[in-house]
Protein chains: 2
Amino acid sequence: MAADDKRSLTLRDVSEASGVSEMTVSRVLRNRGDVSQATRERVLLVAKELGYVPNKIAGALASQRVNLVAVIIPSLSNMVFPEVLSGISHVLEETELQPVVGVTDYLPEKEERVLYEMLSWRPSGVIIAGLEHSDASRAMLQASGIPVVEIMDVDGKPVDAMVGISHRRAGREMARAILKAGYRNIGFLGTKMPLDHRARKRFEGFTEALAKGGVEIMDQEFYSGGSALAKGREMTKTILDRSPELDFLYYSNDLIGAGGLLYLLDQGIDIPGRIGLAGFNGVELLQGLPRQLATMDACRRECGLRAAEIIAARVRGETPDPVVELTPKISYGDTLKRR
Amino acid sequence: MAADDKRSLTLRDVSEASGVSEMTVSRVLRNRGDVSQATRERVLLVAKELGYVPNKIAGALASQRVNLVAVIIPSLSNMVFPEVLSGISHVLEETELQPVVGVTDYLPEKEERVLYEMLSWRPSGVIIAGLEHSDASRAMLQASGIPVVEIMDVDGKPVDAMVGISHRRAGREMARAILKAGYRNIGFLGTKMPLDHRARKRFEGFTEALAKGGVEIMDQEFYSGGSALAKGREMTKTILDRSPELDFLYYSNDLIGAGGLLYLLDQGIDIPGRIGLAGFNGVELLQGLPRQLATMDACRRECGLRAAEIIAARVRGETPDPVVELTPKISYGDTLKRR
DNA sequence: CTGAAAGCGCTAACAA
DNA sequence: TTGTTAGCGCTTTCAG
């Protein structure tokens, strides 16, 4: 074992150790161009023995190609984004591309920083959650000249391409289903997140469709922080104590909805007779609760899949359809009367 | 608006547009060395107007410095790893360093690929889950010459540094608490994951401590795939139908434990009198269930924090303690008798 | 305080 | 099939 240099090995080291030009070593290591079987094997052997790991930084600089796809999402602890990621990874695994994740915590300034940071690595594409970005972010995306797919929402104009569901429509459809089922005293429970534009759009669509049916939201309640399940319980108690005539509760996500459901079951309240409930997301996690909460799938994995497909196609030089609207459907579960 | 080049802007473009040498522009953009206030402002202005985003690839190659920390974890959908990440990000945000996440799906070969891929970007450090890696992975880590922190486990020998809990000890302590509470007919329910070494070690510690108390596991049940909550229900029914004399169920994670809890509550069974339950992890998500499941915290966030601190310190040239054992404590909840 | 020159480790493009 | 020559866009180093 030679005196360990601190510096890591270079192509040159492999070249010298194998008596082949750097260029040929490079070709072997990348499976590019024709190299005789004999030299190929020798080079591979030497590289492995030396424990050579290519330097992608140098490679990327020389080739002007980076096999990274920046994925920018608001949060990882939300359960929805890991599923998006899983869709993205699934597609990218078939390609040379590799996802790199950045998290914004729903903060526009942080989104800007993360985006800047990622773009400075010159990725081959960007997948970013939402259609709302700061002017600076939008400008960076535009100027980057690489494929950009905005995901999870189609209510707006994309910088480049978008894949998602219409949250306005989702809100409207849930409202219609609720009205159709005969509920009239409707409460809304959500997160205190002015920056969660998708939740906001759902709410807007929801109230709009209610209004069309001549109904107004009777009461609302918001929370922030803490365990969603526990908060769902609390909020549900609070809103019902305040407005006992409520006969339906629409939650901005399944987790607080589940908390509400557990609370009402504890109270022995008839669901969906006395009170109906609905959430949003189709969180698989919740299968196994005593009752299945009515909800609407956000097509999370599908978003990831389609977005990654667009990036992959664009990298191949194709020109796929830049707008993909996914259509979630209501799952009635056991907490929303069927009619 | 000039004819858009496809090529992105370079330092040179900023240099020309501002009439200052590339070198000075570089200094301004990095806040290095002395630059007169006047030129600094002009350069900054021009750079912003042009929408210049520095090319970190070139920068990294030239400076031999990369502000990336590779974080390699088995899964994102597990709820435990996002928390680890949050700890890591929290610490790294105070520094120049940036986490980059890779996911292995608990597959050693994939871990090897991901590690190779990440090391080829020459990160400043590696944080990797677990102490079990393929020989090749271990060799790469060793050869990389950068700080490596293995997390979530301290039952073994680290390549470099490690931060985590002893899962063997966690299993033993839970076993002791169960015996002390008087339970004797103990069942185990877990995942079919031969590659989840931490779950395996907990199980080993658990059976070992039971044996010391003259007790053997009476029955066990394993699952794979599907919604953990729903699976927990099913498995619990299965194992109790088969072995009705069981008076305690130890689950390898909180989510299946919660499923079991819900099932037993449905059945009207007295908990923790007739049957006691315990899980593992301290999943905050579950606060809000009708009863609080006994569990043991895995110190997920803390692992992330401490690991990131070690990397940051090492990057600063310090030599922090390479072994950090965190000590989880039992939370009895409502499903394990106190004595 | 500012600039010029020389690479960082690799690959594109050509030559042999 | 293999080798040679120029860079990629930045930073280091040294000289003004």
Side-chain angles (χ1 to χ4, degrees), chain A residues 5-44 46-47 50-67 96 117 119-124 144-145, chain B residues 5-44 46-47 50-67 96 117 119-124 144-145:
Chain A
D5 241 332
K6 193 75 202 181
R7 187 184 63 62
S8 50
L9 291 127
T10 68
L11 255 194
R12 169 164 216 143
D13 297 311
V14 181
S15 160
E16 283 171 359
S18 63
V20 179
S21 79
E22 285 185 44
M23 199 51 233
T24 301
V25 174
S26 167
R27 280 196 269 255
V28 170
L29 263 22
R30 285 177 301 145
N31 280 310
R32 283 252 200 298
D34 295 319
V35 180
S36 76
Q37 190 56 26
T39 45
R40 151 164 277 110
E41 277 166 13
R42 189 145 43 87
V43 168
L44 251 18
V46 170
L50 258 38
Y52 171 70
V53 177
N55 185 331
K56 289 225 182 203
I57 297 174
L61 183 61
S63 66
Q64 307 278 58
R65 237 187 321 240
V66 178
N67 68 339
E96 298 278 67
E117 189 72 21
L119 287 179
S120 73
W121 286 100
R122 301 292 189 267
S124 291
S144 70
Chain B
D5 240 331
K6 194 73 201 182
R7 189 183 61 62
S8 49
L9 291 123
T10 69
L11 255 194
R12 169 165 216 141
D13 296 311
V14 181
S15 160
E16 284 172 357
S18 61
V20 177
S21 79
E22 286 186 42
M23 201 48 237
T24 302
V25 175
S26 168
R27 281 196 268 255
V28 171
L29 265 21
R30 285 177 301 145
N31 281 309
R32 282 254 200 297
D34 295 320
V35 180
S36 75
Q37 190 56 27
T39 45
R40 150 164 276 108
E41 276 166 14
R42 188 144 45 86
V43 168
L44 250 18
V46 171
L50 258 38
Y52 171 70
V53 177
N55 185 331
K56 290 225 179 200
I57 296 174
L61 184 61
S63 67
Q64 306 280 60
R65 242 191 311 261
V66 179
N67 67 340
E96 297 277 66
E117 190 73 20
L119 286 180
S120 72
W121 286 101
R122 302 292 189 265
S124 291
S144 71

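Order of the sequence lines fixes the chain letters, A, B, ..., with proteins taken first and strands second; residue numbering starts at 1 for each chain.
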Side chains of A:Lys56 and B:Ile57 in contact at under 4.5 Å (non-hydrogen atoms): no
Generate the contact string for nucleotides 8-16 of chain D. Rules: B means base contact, S means sugar-phosphate contact only, - means no protein heavy atom under 4.0 Å. BBBBB----
With a strict under 4.0 Å distance from non-hydrogen atoms of chain B, what nucleotide opens and what nucleotide closes the contacted stretch of DNA chain C, reading 5' to 3'? C:dC1 to C:dG9
From CA spacing to verdict: side-chain contact (heavy atoms from CB on, under 4.5 Å), B:Val20, B:Val46: CA-CA 11 Å; B:Val20 177; B:Val46 171; over 6 Å; no
Measure from the side-chain N and O atoms of B:Ser120 to the backbone N and O of A:Asn55, and report whether any donor-acceptor pair falls under 3.5 Å. no
Between atom OG of A:Ser21 and atom CD of A:Glu16, what is the distance when rounded to the nearest 0.5 Å? 12.0 Å
Tell me, do B:Val25 and B:Tyr52 make a side-chain contact under 4.5 Å, heavy atoms counted? no
Pairwise side-chain contact, B:Leu50 with B:Val14, heavy-atom cut-off 4.5 Å (strictly under): yes
Assess whether atom CZ of B:Arg12 is packed by more than 12 heavy atoms of other residues, nucleotides or ligands within 6.0 Å. no
B:Arg32 side, atom CZ; B:Ser26 side, atom OG - distance, nearest 0.5 Å: 9.0 Å
Side-chain N or O of A:Ser21 closer than 4.0 Å to phosphate OP1/OP2 of D:dT4: no
